[in-house]
Asker: 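Pasting a structure below so you can have a look.
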Amino acid sequence: MAADTVRSASYGGVTEPCTVVLFGASGDLAKRKVIPAMYDLAVHNSLGERYAIVGFARTPMSDESFRSTVGEAAKGISEVGPIDPAKWNEFASNLFYNAGDYADPGAYTDLIKRLASLEASKQLGGNRLFYLSTPPEVYPDIIQQLGKAGLAKPANENSWVRIIIEKPFGRDLATAKELNKMVLGVFEEKQIYRIDHYLGKDTVQNLLVLRFGNGIFEPLWNRNYVDHVQITAAETLGVERRGGFYETAGALRDMIQSHVLQLTSLTSVEPPASFDATAVRNEKLKVLQSIRPYDLEGVAQAVVRGQYFPSTVNGKNLPGYRQEPGVNPSSKTETFVAMRVLIDNWRWAGVPFYLRTGKRLAKRTTEIMIQFKRAPHVVFRGKEVEANRLVLNIQPDEGISVSFGAKRPGTEMSIGNVTMNFSYREGFGESTRSAYATLVNDCVRGDATLFDRADSVEAAWSLVDPILDVWSAAKSATVPQYEAGSWGPRESDTLLERDGRKWYNP
Ligand code: BG6
């Protein structure tokens with residue numbers, strides 16, 4: 001299937017001059033995602049004609065060594081394609097670095113001097129974006145120091161100050177509320193951009209376009225026609241070098257509370273009045289608030305956790321989660337979660353949404369599968385007709401497919417299941433863009449539609465909190481184990497089998 005028009009990758013237009021201060025600039029996320037995304041924006045003229053990026057972290061480094069460190073790291077990043085050396089050099093001349101302790105007021109005095117000098121020499125006009133890409137433990141220090149240094153207020157009446165805060169935003173409802181309260185004591189809500197990079201993915205935004213930009217899907221998108229929905233976010237990698245962090249998180253906090261609930265809410269949301277920050281976020285909040293909360297019994301019935309054990313995949317010996325560096329050898333942290341979610345509203349009453357995510361699963365894929373109800377009456381006597389499925393492949397083979405029954409060629413009336421596929425790469429002649437670039441660009445243009453508001457972050461935590469409570473109270477319970485390269489523990493299949501259904505394993 002080909003698209004009618006082929007456009008080149010673009011972001012949301014030219015922006016005003018600005019300075020980005022990237023906290024945690026020597027960390028993995030900054031080097032692998034945020035800085036390459038900014039390079040991509042610069043190459044597409046979407047960071048404005050004049051800009052500066054000031055890295056801020058504890059590691060002492062000169063501007064020059066910061067430029068070469070992030071330059072080396074950016075080379076292997078496929079999301080933005082091959083780096084053009086000349087364009088990189090041009091971009092790197094706008095990179096600067098300030099070392100400092102996040103809690104040290106003196107470091108912010110130095111930062112103010114650096115900002116003033118760059119703003120004057122590059123005529124940046126005072127627009128400032130603070131990007132928190134540090135471990136969450138230091139968010140409070142940075143936010144408070146920014147406030148005390150007077151950096152949360154615009155430098156002049158024509159300029160803006162915004163702050164991007166990375167996930168995890170809190171580690172449960174209480175800490176998320178505390179963080180919201182603290183950040184709202186320093187910044188106004190309209191300055192705060194809580195980022196979930198899944199919302200920057202083209203294919204995730206396409207959920208809204210598919211549903212609300214076409215006339216043929218939405219009439220079917222409800223309890224009258226949909227049997228159930230499955231949302232899978234599966235990874236083949238293990239926890240890699242992040243064992244220490246993962247021990248404090250687990251799949252429920254790391255993936256379900258954020259990315260998977262975002263996918264759930266965009267799949268189920270009501271049409272917003274318009275595509276703007278308030279309208280879209282109001283509707284998303286409503287659907288999160290309609291998800292039936294779990295009680296003790298609900299967690300036991302509808303939520304499954306798991307942990308991968310050592311195994312051999314394609315001749316390679318892979319460690320189990322408990323053998324990963326930084327992980328407690330008797331850890332109970334879950335690397336897999338599957339759950340059944342019910343949305344108590346008119347559109348979805350009685351339609352289960354099955355969600356699952358995990359590390360070291362059989363295939364890297366994020367997809368949403370809508371299974372429709374079967375034809376109410378099959379006129380072809382004695383023939384089995386499968387239910388229709390609409391599958392949205394979010395990554396890595398971005399596309400959409402629809403399956404339906406068709407008559408097999410021949411004299412017999414025989415029915416086969418066939419699939420109609422749309423591939424982003426083939427349809428638009430190019431791959432999708434970097435999610436981080438899209439979101440940073442939205443932020444510098446002041447568009448918060450694809451960022452989270454305080455109320456919806458808290459609503460998402462309210463849903464996972466009871467599960468965390470049950471698990472932490474069940475100290476003696478064992479965590480079901482699963483083999484690396486599988487689709488998770490047996491209990492995950494049982495969850496659907498009890499409802500007479502099974503997982504759609506791509
Ligand atoms: C991050 C999680 O938010 O998302 C990681 O902390 C996970 O554990 C990652 O691997 C997945 O993102 P993506 O874009 O690769 O699907």
Side-chain angles (χ1 to χ4, degrees), residues 24 27-34 36-37 40 76-80 131-137 139 164-171 176 194-207 231-264 266 305-308 321 324-327 331 333-337 355-368 392-398 424 431-440 450-452 457 460-461 464 484 488 506:
D28 233 35
L29 181 66
K31 287 198 285 199
R32 292 182 44 247
K33 300 281 182 188
V34 185
D40 201 38
I77 306 299
S78 57
E79 256 185 22
V80 295
Y131 193 129
L132 270 50
S133 159
T134 60
E137 303 80 75
Y139 292 170
I164 295 184
I165 305 179
E166 267 294 341
K167 75 173 263 285
F169 196 93
R171 49 174 291 103
R194 298 171 193 79
I195 195 167
D196 181 318
H197 77 278
Y198 267 51
L199 289 176
K201 293 182 192 268
D202 280 326
T203 43
V204 172
Q205 291 164 49
N206 188 49
L207 257 166
I231 300 183
T232 297
E235 297 180 89
T236 47
L237 291 178
V239 290
E240 311 300 302
R241 288 168 299 156
R242 297 167 73 224
F245 157 75
Y246 204 82
E247 273 291 88
T248 65
L252 188 68
R253 287 191 173 96
D254 188 41
M255 292 291 292
I256 299 278
Q257 186 275 339
S258 48
H259 308 325
V260 178
L261 282 179
Q262 293 287 358
L263 297 178
T264 310
L266 291 183
R305 55 180 163 161
Q307 196 182 60
Y308 59 87
Y321 175 67
E324 300 277 17
V327 172
S331 170
T333 303
E334 78 288 353
T335 58
F336 176 94
V337 176
L355 319 180
R356 68 177 164 170
T357 186
K359 303 243 180 232
R360 284 255 189 268
L361 294 184
K363 188 176 173 190
R364 177 177 178 242
T365 183
T366 302
E367 58 182 41
I368 299 166
L392 290 109
N393 197 322
I394 304 295
Q395 60 187 21
D397 301 318
E398 294 93 346
Y424 260 82
S431 353
T432 50
R433 305 162 303 172
S434 141
Y436 276 90
T438 299
L439 293 173
V440 170
L450 299 175
F451 292 83
D452 249 349
V457 171
W461 278 118
V464 305

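Everything numeric in this text was worked out from a predicted model, so none of it was measured. One-based numbering, in listed order, for ligands and for the atoms of each. Just so you know, these numbers use all the heavy atoms, side chains as well, and skip hydrogens, waters and symmetry mates.
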Asker: What protein heavy atom sits nearest atom 10 (O) of ligand 1, and how far off is it?
Answerer: Glu235 OE1, 2.6 Å
Asker: With a 3.5 Å distance limit and no angle check, can you tell me whether Arg364 reaches the backbone of Glu235 through a side-chain donor-acceptor pair?
Answerer: no
Asker: Quick one: does any side-chain atom of Thr333 pair with a main-chain N or O of Gly250 as donor and acceptor, under 3.5 Å?
Answerer: no
Asker: What are the atoms of ligand 1, with element, lying closer than 4.0 Å to any heavy atom of Lys201?
Answerer: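 Reading through ligand 1 atom by atom, the close ones are 13 (P), 14 (O), 16 (O).
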Asker: For Lys359, counting its heavy atoms only, list the atoms of ligand 1 lying under 4.0 Å from any of them.
Answerer: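 Atoms satisfying the 4.0 Å criterion: 5 (C), 7 (C), 8 (O), 10 (O).
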Asker: I'd like to know if Asp28 and Lys33 make a salt bridge, using a cut-off of under 4.0 Å between side-chain N and carboxylate O.
Answerer: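 Judged by the 4.0 Å cut-off on N to carboxylate O distance, Asp28 and Lys33 do not form a salt bridge.
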Asker: Do Glu247 and Ser331 have a side chain donor and acceptor closer than 3.5 Å?
Answerer: yes
Asker: Can you check whether Phe336's main-chain N or O pairs, donor with acceptor, with Tyr308's side chain at less than 3.5 Å?
Answerer: no
Asker: Between Lys167 and Asp254, is a side chain to side chain contact (heavy atoms under 4.5 Å, CB included) present by the stated rule, with each step listed?
Answerer: CA-CA 9 Å; Lys167 75 173 263 285; Asp254 188 41; 3.2 Å; yes
Asker: Check Tyr198 against ligand 1 and report side chain, backbone, both or neither, counting heavy atoms closer than 4.0 Å.
Answerer: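 Side chain only.
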Asker: Regarding ligand 1, does Asp254 bring an N or O atom to under 3.5 Å of one of the ligand's N or O atoms?
Answerer: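 Among all N and O atoms of Asp254, at least one is under 3.5 Å from an N or O of ligand 1.
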Asker: Please work out which of the three classes, parallel, tilted or perpendicular, describes the rings of Tyr198 and His259, given edges at 30° and 60°.
Answerer: parallel
Asker: Within the 4.0 Å heavy-atom shell around Lys167, which atoms of ligand 1 are there?
Answerer: 1 (C), 2 (C), 3 (O), 6 (O)
Asker: Distance under 4.0 Å to a non-hydrogen atom of His259: what atoms of ligand 1 satisfy this?
Answerer: 1 (C), 3 (O), 4 (O)
Asker: Which residue and atom name correspond to the protein heavy atom nearest atom 15 (O) of ligand 1, and how close is it?
Answerer: Arg364 NH2, 3.8 Å
Asker: Can you name the atoms of ligand 1, numbered from 1 with element, that are less than 4.0 Å from a heavy atom of His197?
Answerer: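 Here the atoms of ligand 1 in question are 3 (O), 4 (O), 12 (O), 13 (P), 14 (O).
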Asker: Give the numbers and elements of all ligand 1 atoms closer than 4.0 Å to a heavy atom of Gln395.
Answerer: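 Listed by number with element, the hits are 13 (P), 16 (O).
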